[in-house]
Amino acid sequence: MTQAPKNLQTIETHILALQSMHPSASGDFTGLLSDITFAAKIISREVNKAGLVDILGAAGGENVQGEVIQKLDDYGNNVFMKCLGTRNQVCIMGSEEMADPVFIEPSSGTGNYIVVFDPLDGSSNIDANVSVGTIFGIWKRKSRRDKVGMDDLLQAGCEQVAAGYIIYGSSTMFVYTAGHGAHGFTLDPSIGEFLLSHENITTPFLGDIYSVNEAYEPSWEPAVKEVVRQMKYGTGTESSRTDEATEGAGKTSRYIGSLVADFHRNLLYGGVYLYPPTKGKPEGKLRLMCEAAPLAMIAEAAGGYASDGRQNIMDIVPTHLHMRVPLYIGSRGDVMLVEKIIADAKTGL
Ligand code: P6P
């Protein structure tokens with residue numbers, strides 16, 4: 001007789017258990033996370049059959065970042081808008097795919113939450129069947145006015161009440177934190193449920209992996225070049241060597257070109273993802289609100305850390321929805337070393 005799995009916990013029961021920790025909770029937050037879970041299942045279905053239906057290829061338009069929109073980008077954005085926009089929990093939505101935030105006048109109910117998301121990060125990889133992902137951050141409104149405003153939207157990452165990502169890879173995984181640890185759930189397509197598979201994820205203090213696009217090396221500032229040199233050769237005196245690497249002194253390089261995939265692997269194994277400023281992208285490429293801040297909350301919940309090279313990503317107050325930041329994220333010890341090298345370069349040490 002097939003034994004029932006011991007800990008058959010769905011994401012919904014996990015969220016409900018969280019809600020029971022807050023007796024005054026109205027259930028709105030639980031409903032919102034469940035809506036995001038529903039949207040993730042729909043997007044997962046489409047991503048996993050993308051090769052089978054005519055959904056590949058560019059939708060033709062360009063998003064606000066000037067990047068060609070892949071049809072699944074569009075699709076993922078529409079799914080989030082439909083799943084979240086019709087419920088009363090949400091008052092503002094911001095998407096990487098939309099120039100402006102959407103302010104929602106709830107037909108009734110509270111409309112207490114702000115959701116900022118990247119519906120399908122890394123989508124340019126879809127045609128090559130590379131893992132892609134959804135990233136989301138949830139904030140609570142601060143104003144008590146009738147109408148919400150930009151002050152409700154533009155909040156620092158440390159104000160998030162929850163954050164998460166879904167990775168559409170060899171399996172679909174939903175990883176989230178609501179401030180009590182980071183937890184991973186793997187989708188069982190046969191029953192359409194996300195089942196608890198990685199409870200209380202903790203990331204190593206130091207990792208063996210660094211993830212960066214080294215093609216941009218010529219345009220990095222000297223301090224960043226030293227960061228990557230130390231990632232390659234180790235942090236001892238050997239880092240003063242020129243190009244010869246001693247096997248094993250430094251880290252190994254892994255770069256998929258899909259943030260959620262690189263971040264997820266480094267979170268589980270230990271390591272650091274780096275997207276430094278370049279000449280073409282002096283503020284960095286990644287968006288603070290829909291990418292860096294949510295992943296920073298996850299990283300911290302797992303014992304890791306995220307920085308823009310000088311400060312905690314979670315402390316940066318966005319000036320606009322699509323604000324970009326340099327991003328160094330992953331194992332706390334590795335990211336702190338990045339900050340130290342950059343600080344020493346500034347002080348001439
Ligand atoms: P580059 C995808 O476009 C993305 O936003 C991240 O998923 C990924 O890590 C990064 O950009 C890749 O950028 O400049 O190395 O191609």
Side-chain angles (χ1 to χ4, degrees), residues 43 47 50 56-59 61-74 76-77 94-98 116-137 163-169 173 175 207 209-221 224-225 227-228 231 253-267 269 271-296 298-299 304 306-309 313 321-330 335 338:
I43 295 171
V47 167
L56 288 178
E62 286 195 352
N63 68 15
V64 292
Q65 324 298 340
E67 295 160 342
V68 171
I69 291 185
Q70 299 285 332
K71 282 182 181 171
L72 274 173
D73 267 354
D74 234 1
N77 191 60
S95 169
E96 190 239 14
E97 296 300 332
M98 300 188 300
V116 182
F117 55 91
D118 183 352
L120 214 58
D121 179 78
S123 58
S124 59
N125 293 295
I126 287 172
D127 293 9
N129 205 14
V130 170
S131 299
V132 293
T134 297
I135 309 169
F136 66 90
Y165 62 88
I166 300 97
I167 179 167
Y168 310 101
M173 262 192 79
V175 178
I209 298 168
Y210 76 98
S211 306
V212 69
N213 184 339
E214 304 210 34
Y216 298 126
E217 195 270 349
S219 84
W220 291 337
E221 60 186 83
V224 172
K225 292 182 180 179
V227 163
V228 176
M231 294 288 160
S253 171
R254 291 285 182 275
Y255 191 71
I256 300 171
S258 181
L259 169 61
V260 173
D262 280 315
F263 175 80
H264 181 69
R265 180 206 51 242
N266 292 354
L267 187 74
Y269 295 172
V272 55
Y273 171 97
L274 311 97
Y275 207 106
T278 63
K279 286 200 175 70
K281 304 181 185 80
E283 305 85 29
K285 173 180 185 182
L286 300 169
R287 293 81 175 181
L288 173 61
M289 291 203 76
C290 67
E291 291 167 326
L295 294 182
I298 295 268
S307 171
D308 69 349
I313 285 284
L321 173 60
H322 295 289
M323 176 176 172
R324 296 172 190 262
V325 289
L327 180 62
Y328 307 94
I329 187 168
V335 179
V338 172

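Computed from a predicted structure; not experimentally measured. Each ligand, and each atom within it, is numbered from 1 in the order the structure gives.
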### Query
Among all residues two or more places apart in sequence or in another chain, which pass the side-chain contact (heavy atoms from CB on, under 4.5 Å) test with S307?
Y305, V335, E339
### Summary
For Y275, the ligand 1 atoms with a heavy-atom partner under 4.0 Å come out as 1 (P), 13 (O), 14 (O), 15 (O)
### Query
Atoms of ligand 1 less than 4.0 Å from N213 heavy atoms?
1 (P), 15 (O)
### Task
Please state which part of D262 comes within less than 4.0 Å of ligand 1, counting heavy atoms only: side chain, backbone, both or neither.
neither
### Message
Yes or no: does L286 have any heavy atom under 4.0 Å from an atom of ligand 1?
### Response
yes
### Query
Got Y255 and Y210 here, is their nearest side-chain heavy-atom distance under 4.5 Å?
no
### Query
Should you measure from each heavy atom of Y273, which atoms of ligand 1 turn up under 4.0 Å away?
8 (C), 9 (O), 10 (C)
### Atoms of ligand 1, numbered as shown, that sit under 4.0 Å from any heavy atom of Y255
1 (P), 9 (O), 10 (C), 12 (C), 13 (O), 15 (O)
### Query
Which atoms from ligand 1 have a heavy atom of Y216 less than 4.0 Å away?
1 (P), 14 (O)
#### Entry: Candidate with minimal heavy-atom separation from atom 8 (C) of ligand 1, of A261, S211, G257
G257
### Query
Between L259 and ligand 1, which residue portion shows a heavy-atom distance shorter than 4.0 Å: side chain, backbone, both, or neither?
both
#### Entry: Close approach of S258 to ligand 1, heavy atoms, under 4.0 angstrom
yes
### Query
Does a side-chain heavy-atom distance below 4.5 Å link L259 with I135?
yes
### Message
Which option wins on minimum heavy-atom distance to atom 16 (O) of ligand 1: K281, E96, K285?
### Response
K285
### Query
With a 4.5 Å heavy-atom cut-off, do V47 and L120 have their side chains touching?
yes
### Message
Between Y269 and R254, does the side chain to side chain contact (heavy atoms under 4.5 Å, CB included) criterion hold? Intermediate values first, please.
### Response
CA-CA 12 Å; Y269 295 172; R254 291 285 182 275; over 6 Å; no
### Task
Decide if atom CG of N213 counts as having more than 12 heavy atoms of other residues, nucleotides or ligands within a radius under 6.0 Å.
yes
